[in-house]
J.: 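Structure below; questions to follow.
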Amino acid sequence: AQSVTQLGSHVSVSEGALVLLRCNYSSSVPPYLFWYVQYPNQGLQLLLKYTTGATLVKGINGFEAEFKKSETSFHLTKPSAHMSDAAEYFCAVSDRDDKIIFGKGTRLHILP
Amino acid sequence: GAVVSQHPSWVICKSGTSVKIECRSLDFQATTMFWYRQFPKQSLMLMATSNEGSKATYEQGVEKDKFLINHASLTLSTLTVTSAHPEDSSFYICSARVPGGGLQSYNEQFFGPGTRLTVL
């Protein structure tokens, strides 16, 4: 069975500082990995995904994530936080039957 | 990117009534749609997988007689919450899978904006 663990339900960073949101996964098959962002009372927006190929994946809004198989991790980073980055972030894993399993989410707070 | 809509965006109903939520893929045909529910400050939990022209596949613990899913066309899936109760109050989100690809590729899912259901 697949699972996702997001470390830290809340993360606070200062505006302009590095954003690091941690995600570890468990999967019995080579996984597809995702990061989604959710703003209040809205649906999900895909930030980036890893399916195959290059392990460093670049997404929208300056975010990127690196797939590290040896560490079973897919941490999300952004060099410089912006106030508009404040939102809920979900890491997710999928296998080839396309079911997406979501982590519990991390709320990112940006401090002025 | 592909667009998925949901209607209504929010609904308030009385306990015991039924509520229907629509999920539409606006610019592509989706053979498969997924329904999720999200409780406040929690993650999304997959409820069921809806395949066009066939019965939905429900996740363990989801009552299929309470949450009726119909996927009558390639662009529309509906979720009906029957005899709704306050504990059914939640944020319901659908996604639609873009067809194509193959065994070695990933068919991306696109998410709707969600429907907030409040049962009084």
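Below, read A as the first sequence line, B as the second, and so on, with proteins coming before strands; counting in each chain starts at 1.
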J.: When only heavy atoms count and the cut-off is under 4.5 Å, which of residues 76-94 of chain B reach chain A?
T.: F91(B), I93(B)

J.: Considering only heavy atoms, which portion of L46(B) lies under 4.5 Å from any heavy atom of chain A: side chain, backbone, both, or neither?
T.: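 Only the side chain of L46(B) comes within 4.5 Å of chain A.
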
J.: Which members of residues 6-15 of chain B, sorted by number, sit under 4.5 angstrom from chain A on a heavy-atom basis?
T.: none

J.: So do the side chains of M45(B) and F39(B) get within less than 4.5 Å of each other, counting heavy atoms only?
T.: no

J.: Determine, step by step, whether F110(B) and S25(B) satisfy the side-chain contact (heavy atoms from CB on, under 4.5 Å) criterion, reporting the C-alpha distance in whole Å, the side-chain angles of both residues, the deciding distance to 0.1 Å, and the verdict.
T.: CA-CA 9 Å; F110(B) 292 87; S25(B) 55; over 6 Å; no

J.: Measure the shortest side-chain to side-chain distance between S26(A) and T72(A) over non-hydrogen atoms and say whether it is less than 4.5 angstrom.
T.: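 Side-chain contact under 4.5 Å: no.
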
J.: Are F63(A) and D85(A) packed together at the side-chain level, in the sense that at least one heavy-atom pair is separated by less than 4.5 angstrom?
T.: yes

J.: At their closest point, which heavy atom of T106(A) faces which heavy atom of G8(A), and how far apart are they?
T.: OG1-O, 2.8 Å

J.: Between F67(B) and Y58(B), does the ring centre distance come in under 6.0 Å?
T.: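 No; Y58(B) has its ring centre 6.0 Å or more from that of F67(B).
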
J.: Among F34(A), W35(A), Y36(A), Y89(A), exactly one meets ring pair (Phe, Tyr, Trp, His ring centres under 6.0 Å) together with F102(A). Which residue is that?
T.: Y36(A)

J.: Looking at chain A, which one of P113(B), G114(B), G112(B), S95(B) has the largest number of heavy-atom pairs inside 4.5 Å, strictly under?
T.: P113(B)

J.: Tell me, side chain or backbone of L44(A) under 4.5 Å from chain B's heavy atoms, or both, or neither?
T.: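 Interface part for L44(A): both.
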
J.: Under the salt bridge (charged side-chain N to carboxylate O under 4.0 Å, His left out) rule, collect the residues that match up with R107(A), sequence neighbours excluded.
T.: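 Counting only residues at least two positions away or on another chain, R107(A) forms a salt bridge (charged side-chain N to carboxylate O under 4.0 Å, His left out) with E88(A).
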
J.: Is a donor from one side chain sitting under 3.5 angstrom from an acceptor on the other, for Q38(A) and Q38(B)?
T.: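 On atom types as modelled, these side chains qualify, holding a pair under 3.5 Å.
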
J.: Table please: side-chain donor-acceptor pairs of residues 12-20 of chain A below 3.5 Å, with sequence neighbours left out.
T.:
none

J.: Any chance NZ of K64(B) has more than 12 other-residue heavy atoms, nucleotides or ligands included, within less than 6.0 Å?
T.: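 It does not: K64(B) NZ has 12 such atoms or fewer within range.
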
